[in-house]
Engineer: 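Dropping the structure in here first, questions after.
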Amino acid sequence: MPASATLTISISSHSLPELPEVENVRRALQPVMEGARFEKVVAHRPDLRVAFPARFATRLTGETVLRLRRRGKYLVADLSSHETLLMHLGMSGSFRIDFTTPGSFHYPRGAARAHDHVVFHMSSGAKITFNDPRRFGLMDLIATEMLPEHRVFRFLGPEPLAAEFDAAVLARVARGKKTTLKAALSDQRVIAGLGNIYASEALYHARLSPLRRASTIATRGGTPRDTARRLVAAIRKVLNEAVERGAAPEGGGDAGADAAHRFSVYDREGRRCRRRACRGVIRRIVQTGRSTFYCPVCQV
DNA sequence: ACACGGACCTGAAGGC
DNA sequence: TGCCTTCAGGTCCGTG
């Protein structure tokens, strides 16, 4: 194919970017970023939620991505310069990858679109474009060794898909919390990566009411309660299934399958609870300014 | 770091 | 048809 031919792949989820969506973005970017060098960086609009750091493009150019990781909802690219590129998708962030033939002297073309804020031209031949209409996203550069102390990571809760995350860990972070279970689950300081959607979903699968005080799942006499175990299993289940669903090849023409089909409770107000023999109807309430969906019959 | 509510931002959706 | 309002939510920040 001609050197200017390009193939565009959009990496955007149909739901908001919580842990599973960010993980799938990471998996898509990993092959074209890891081991590749930034040949050219263009920041069209550096006023995202947090303004870009000084000399952003210059500091990136020429550096190699050693590793592309994820922590909570953050993408973390460790660079050969001992700096780390931190990326957050906010609510509406997405990436596009334009490929061209390896060794081409031309950058992939791929037309610019509204709300394209950052473009990475990688030595892998990929042109990676960050698009974010709402501009709640973030890009930052931090000295790698300072990362754990960075304001973003310093108080970030445990990784829910890590092996170490168990009922004891959950009980510990929930201990003494006077707030509701729903508010606690979507608090990044309690657990990293759960957002409004998967917090509702996890509580449904754990059969726990979003209105419960968070501290009620904590330990009693040093033994994690059954509720903590159930909640850990439910969190793992909803996150893992969403990661797998997102990794599945799209197509079939139903890419826009609505939330009512993908979720158990989220955006299903007024519809029947899916649990067998449960006659409940999904209810929507507002907690800390955000929608919560739950079954008032089987979540107690 | 104790908890909550408002602000930020834009596109989609609903009302009249 | 078209204009206007409302809603969505991740995170930060100010306030109680």
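Every chain is numbered from 1 and lettered A, B, ... according to where its sequence line falls, protein lines coming before strand lines. Every heavy atom of this structure was used, including side-chain atoms; hydrogens, water molecules and symmetry mates were not. The structure presented is a predicted model; accordingly, all values stated were derived computationally and were not measured.
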Engineer: Answer yes or no: does a side-chain N or O of A:K73 lie under 4.0 Å from OP1 or OP2 of C:dT11?
Structural biologist: yes
Engineer: Given the structure, check if the side chain of A:R154 and the base of B:dA1 hold any donor-acceptor pair shorter than 3.5 Å.
Structural biologist: no
Engineer: Counting distance only, does the side-chain N/O of A:S124 pair as donor-acceptor with the main-chain N or O of A:V32 below 3.5 Å?
Structural biologist: yes
Engineer: Can you say whether a donor on the side chain of A:R290 sits under 3.5 Å from an acceptor on the base of C:dA8, or the other way round?
Structural biologist: no
Engineer: Any side-chain N or O of A:R135 below 4.0 angstrom from OP1/OP2 of B:dT10?
Structural biologist: yes
Engineer: What do you reckon, do A:F136 and the base of B:dC8 stack, with centroid distance below 5.5 Å and planes below 30°?
Structural biologist: yes
Engineer: Which is true for A:R284 with a 4.0 Å heavy-atom rule: it touches a base, it touches only sugar-phosphate, or it touches nothing?
Structural biologist: sugar-phosphate
Engineer: Kindly say if A:K178 contacts the phosphate of B:dC4, meaning a side-chain N or O under 4.0 Å from OP1 or OP2.
Structural biologist: no
Engineer: So which nucleotide from B:dG11, B:dA3, C:dT11 ends up closest to the side chain of A:Y74?
Structural biologist: C:dT11
Engineer: Let me know the distance between CE of A:M91 and P of B:dA7, rounded to the nearest Å.
Structural biologist: 17 Å
Engineer: Report which part of the nucleic acid A:S291 touches: base, sugar-phosphate, or nothing (heavy-atom distance under 4.0 Å, all strands).
Structural biologist: sugar-phosphate
Engineer: Provide, to the nearest angstrom, the distance between the CD1 atom belonging to A:I197 and the C1' atom belonging to C:dG9.
Structural biologist: 9 Å
Engineer: To the nearest angstrom, how far is A:L89 atom CG from C:dG9 atom C1'?
Structural biologist: 14 Å
Engineer: Which nucleotide in the list B:dA3, B:dA1, B:dC8 gets nearest to the side chain of A:K177?
Structural biologist: B:dA3
Engineer: Taking only the side-chain nitrogens and oxygens of A:H115, find out if one of them lies under 4.0 Å from OP1 or OP2 of B:dG11.
Structural biologist: yes
Engineer: Hey, does the side chain of A:Q188 come within less than 4.0 Å of C:dG10's phosphate (OP1/OP2), counting only N and O?
Structural biologist: no
Engineer: Is there a donor-acceptor contact under 3.5 Å linking the side chains of A:S123 and A:E39?
Structural biologist: no
Engineer: Can you tell me the distance, in whole Å, between the CZ atom of A:R213 and the P atom of B:dC4?
Structural biologist: 10 Å
Engineer: Which nucleotide sits closest to the side chain of A:L16: B:dC4, C:dG10, C:dC12?
Structural biologist: C:dG10
Engineer: Closer to the 5' end of DNA chain B via nearest nucleotide, is it A:T179 or A:R49?
Structural biologist: A:T179
Engineer: Just the rounded figure in Å: distance from P of C:dG9 to CG of A:L19.
Structural biologist: 18 Å
Engineer: Using a cut-off of strictly less than 4.0 Å, decide whether A:R151 has a side-chain nitrogen or oxygen near OP1 or OP2 of C:dC13.
Structural biologist: yes
Engineer: Think A:S186 has a side-chain N or O under 4.0 angstrom from the OP1 or OP2 of C:dG10?
Structural biologist: no
Engineer: CZ of A:R134 versus C1' of C:dC12: gap in Å, rounded?
Structural biologist: 17 Å
Engineer: Any side-chain donor-acceptor pair under 3.5 Å between A:Y198 and A:E21?
Structural biologist: yes
Engineer: Could you check how far CZ of A:R189 sits from P of C:dC12, rounded to whole Å?
Structural biologist: 10 Å
Engineer: Could you check how far CG of A:D267 sits from P of B:dA12, rounded to whole Å?
Structural biologist: 16 Å
Engineer: Measure from NZ or CZ of A:R274 to the centre of the six-membered ring of A:F263, then state whether that distance is under 6.0 Å and the direction lies within 45° of the axis.
Structural biologist: no
Engineer: Treating A:Q287 as the side-chain partner and A:T292 as the backbone partner, does any N or O pair qualify as donor plus acceptor under 3.5 Å?
Structural biologist: no
Engineer: Can you tell me which residue among A:K182, A:E18, A:E201, A:R290 is in a side chain to side chain donor-acceptor pair (under 3.5 Å) with A:N196?
Structural biologist: A:K182
Engineer: Please tell me which of A:R45 and A:T180 maps to the more 5' nucleotide of DNA chain B, matching each residue to the nucleotide holding its nearest heavy atom.
Structural biologist: A:T180
Engineer: Counting only side-chain N and O atoms of A:Y266, is one of them less than 4.0 Å from OP1 or OP2 of C:dG9?
Structural biologist: yes
